[in-house]
Protein chains: 2
Amino acid sequence: MRNSLADVVAAGLRVLDAHGLEHCSMRRVAAELGVQPSALYHHVSDKQTLLALMADEIVGPATALGAAVADPRSCCIALREAMLAVRDGADVVATAAAFRLGASEAERRLAGLVGPDGARTLLLYTFGHAQSTQTHRQAAALGALIDPAALPRGGTTDPAAATDLDASFERGLDIILRGLGAPAQLNPVLGAAEPQNSVF
Amino acid sequence: MRNSLADVVAAGLRVLDAHGLEHCSMRRVAAELGVQPSALYHHVSDKQTLLALMADEIVGPATALGAAVADPRSCCIALREAMLAVRDGADVVATAAAFRLGASEAERRLAGLVGPDGARTLLLYTFGHAQSTQTHRQAAALGALIDPAALPRGGTTDPAAATDLDASFERGLDIILRGLGAPAQLNPVLGAAEPQNSVF
DNA sequence: ACCTGAACACCGTTCAAGT
DNA sequence: ACCTGAACACCGTTCAAGT
């Protein structure tokens, strides 16, 4: 045999991470495998299916059996980290999840902890924030390429912005968890009055 | 003059509503106006810009000055209704919002009511749930076309599913609002223990 | 089982040129 | 100011045919 389904999914993830979702075409994935575009359709019925399989792979690390995290907070943070680890990962996972594939293992786990409504609310927020984070990061990276004078001294890209987005995510997470009656999260730094600016 | 920017945006919305985002190409919008594809680039610099303008138009009804709703709950519900009113509207608005255009007027308003973190959390949830709702609706519509035997008697599409999604949205909304310390929403029907099934 | 080669019906965008 | 015509470099998917 020449290529397996796993090879196709792996090639898809390589192309995604290297070139982004916009350029992750069937033709590019085929080229990555050194094969004709039509060959992919022996392994996968269409592009949507391939993307769903890629989404499962992206989210795998966060939903692996070994990482049996008990609290919903760490669960969402792990999920977000898994999506942010690959270029445009949040878009791929969120789209696949809307079609019911992908993160449903994560949802089952969360539903056991906070009920179905809580699980859905947490997941939709987590996906949305991750997409927003990734959009802003690639906009920042593009801006840095166009206008490299923006960097005051060393450093590849502005580290403060990334920290802000991570903190912003956790604050929103704590709002939802508070609404679910979860134990209040101990946040020793900072007062609680109207911090930070908007993400959009 | 032959066509204005407003004409182009209006044509875009007509194509979107009739054929969906997937088939809302520059070439189709041009054909809708009876014009060559290249003519669009006189009015708009690229497709992304056109979609952002369309997103503003979709969300307009919900953020109009006349509809100065005071509470965040009605604000989110109005936003969701505006997105659901046009085919694939949630996708278009959510994508544009991630690029900072679109719903930022709505975010300013919400931030005044519940602070920036609350506004962001509410918006990301609202966008995500609307996208999920629209995905499920068009899957249901497709299923109804393929398998019309699923309908027990009259009715175009299953009305129960739509009701469930609307109720599911409001339950999640109330979780977040509770977390924000908003006045508890009076929900007279049903007990509170683990209702409904999953959306994903 | 896995792949090639060729085709079909499309894309977004650019650019010189017309009126 | 607004548009045409032609081109460039792409798409996803199908299908007969090869090995």
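Small disclaimer: the values here were computed from a predicted structure and weren't measured. Below, chains carry the letters A, B, ... as their sequence lines are ordered, and counting in each starts from 1. Keep in mind that the numbers below use all heavy atoms, side chains included, and drop hydrogens, waters and symmetry copies.
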Check your understanding: Are the side chain of Gln134(A) and the backbone of Val86(A) linked by a donor-acceptor contact shorter than 3.5 Å?
Key -> yes
Practice item. Could you check how far CG of Asp46(A) sits from P of dC11(D), rounded to whole Å? Key: 17 Å
Review point. Which one, dC11(D), dT13(D), dT4(C), comes nearest to the side chain of Arg28(A)?
Key: dC11(D)
Review point. Can you tell me if Tyr125(B) uses its side chain to pair, donor with acceptor, with the backbone of Phe169(B) under 3.5 Å?
Key: yes
Practice item. Would you please confirm or rule out a distance under 4.0 Å between OP1 or OP2 of dG5(C) and any side-chain N or O of Gln36(A)? Key: yes
**Study point:** Exercise: do Thr133(A) and Arg80(A) side chains pair donor with acceptor under 3.5 Å
**Key:** yes
**Study point:** His42(A) NE2 - dG18(D) P separation (whole Å)
**Key:** 18 Å
Practice item. Output yes when Asp117(A) and Arg120(A) qualify as a salt bridge under the 4.0 Å nitrogen-oxygen rule, no when they do not. Key: yes
Check your understanding: What stems, by residue range, does DNA chain C take part in, given at least 3 consecutive Watson-Crick or G-U pairs under 3.5 Å?
Key -> C:4-8 with D:12-16, C:12-16 with D:4-8
**Study point:** Whole-Å distance separating the CZ atom of Arg27(B) from the P atom of dT4(D)
**Key:** 13 Å
Review point. Looking at residues 4-26 of chain B, who's got a heavy atom less than 4.0 Å off DNA chain C?
Key: Ser25(B), Met26(B)
Review point. Are Asp174(B) and Arg73(B) close enough for a salt bridge, meaning some N to O gap below 4.0 Å?
Key: yes
Check your understanding: Do we see a donor-acceptor contact under 3.5 Å between the side chains of Arg28(B) and His19(B)?
Key -> yes
Check your understanding: Are any side-chain N or O atoms of Asp88(B) and backbone N or O atoms of Gly20(B), one a donor and one an acceptor, separated by less than 3.5 Å?
Key -> no
Check your understanding: What is the distance from CG of Leu50(A) to C1' of dG12(D), rounded to the nearest Å?
Key -> 12 Å
Check your understanding: For Ser168(A) and His129(A), which heavy atoms make the closest approach, and how far apart are they?
Key -> OG-NE2, 2.9 Å
Exercise for review: Please list, chain by chain and in numerical order, all residues satisfying side chain to side chain contact (heavy atoms under 4.5 Å, CB included) with Cys75(B), sequence neighbours excluded.
Suggested key: Val69(B), Leu110(B)
Exercise for review: Remember a base hit wins even if backbone is also touched, and classify Arg2(A) as base, sugar-phosphate or nothing at under 4.0 Å, heavy atoms.
Suggested key: sugar-phosphate
Practice item. Sticking with atom P, work out how far dC10(C) lies from dA9(D), rounded to a whole angstrom. Key: 22 Å
Check your understanding: Rounded to the nearest Å, what distance is computed from the OH atom of residue Tyr41(B) to the C1' atom of nucleotide dT4(D)?
Key -> 15 Å
Check your understanding: Under 4.0 Å between a side-chain N/O of His43(A) and OP1 or OP2 of dA1(C), yes or no?
Key -> no
